[in-house]
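Here the structure comes first, spelled out in structure tokens, and everything after it is commentary.
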Amino acid sequence: MSTTSPVQPSHPQLAVSAAIFRDGKILLVRRARSPAKGFYSLPGGRVEFGESLHTALHREVDEETALKIEIIGPQPDGARWCREPVAADTI
């Protein structure tokens with residue numbers, strides 16, 4: 001029995017993901033491509049060269065869900081805030 005492992009990148013890969021809440025629920029996407037094809041995860045993906053984290057997050061969420069999002073924390077100045085606190089047991 002042989003097993004094949006995914007090709008490992010030659011350098012670190014920077015990625016972003018978004019936790020999108022609505023009515024006490026969190027949005028998950030089903031992965032269409034490897035390495036996690038068929039699995040559910042938060043929407044997100046790799047940051048392209050020269051792209052800011054916020055730009056990458058907006059792009060990835062739009063590509064995967066067609067949603068336009070507002071990032072509510074952490075902010076570029078380091079401040080952390082959120083519109084509505086969500087208890088982990090309500091997700």
Side-chain angles (χ1 to χ4, degrees):
M1 174 180 196
S2 70
T3 60
T4 58
S5 61
V7 175
Q8 296 297 316
S10 60
H11 56 282
Q13 301 283 311
L14 185 59
V16 293
S17 60
I20 301 172
F21 298 93
R22 183 173 180 181
D23 299 327
K25 298 178 182 174
I26 189 164
L27 176 69
L28 297 177
V29 295
R30 190 170 184 192
R31 294 285 163 205
R33 291 181 272 186
S34 293
K37 184 176 180 176
F39 288 92
Y40 289 91
S41 69
L42 297 173
R46 290 191 181 111
V47 177
E48 296 176 359
F49 182 78
E51 190 174 40
S52 74
L53 297 178
H54 280 204
T55 300
L57 189 58
H58 281 280
R59 177 184 50 76
E60 285 291 343
V61 170
D62 181 50
E63 287 176 2
E64 296 182 5
T65 67
L67 294 173
K68 305 298 182 204
I69 61 167
E70 175 187 355
I71 300 172
I72 59 172
Q75 300 300 303
D77 64 1
R80 291 180 177 266
W81 58 277
C82 83
R83 188 169 295 141
E84 295 179 87
V86 177
D89 61 352
T90 64
I91 299 173

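Computed from heavy atoms alone, side chains included, the values below leave out hydrogens, waters and symmetry copies.
Contact record, L27 with P43: O-CD, 3.7 Å, taken as the closest heavy-atom pair. Across all non-hydrogen atoms, the minimal contact from H58 to I69 is CE1-O, 3.0 Å. Heavy-atom minimum distance, V47 versus R59: CA-NH2, 4.4 Å.
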| said: Please evaluate residues L42 and V29 with respect to the criterion side-chain contact (heavy atoms from CB on, under 4.5 Å), reporting the C-alpha separation (whole Å), side-chain torsions for both, the decisive distance (0.1 Å), and the verdict. | reply: CA-CA 6 Å; L42 297 173; V29 295; over 6 Å; no

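Hydrophobic clustering (side-chain heavy atoms under 4.5 Å, transitive across Ile, Leu, Val, Met, Phe, Trp, Tyr) groups L14 together with I71.
Residues that satisfy the side chain to side chain contact (heavy atoms under 4.5 Å, CB included) test with A18, not counting sequence neighbours, are I20, L57, V61. In this structure, R30 has no side chain to side chain donor-acceptor pair (under 3.5 Å) partners at least two apart in sequence or on a different chain. With sequence neighbours left out, E48 forms a side chain to side chain donor-acceptor pair (under 3.5 Å) with no residue at all. A search for side chain to side chain donor-acceptor pair (under 3.5 Å) contacts involving S17 returns nothing, not counting sequence neighbours.
Among residues at least two apart or in separate chains, side chain to side chain donor-acceptor pair (under 3.5 Å) pairs with a member in residues 33-42 are R31-S41.
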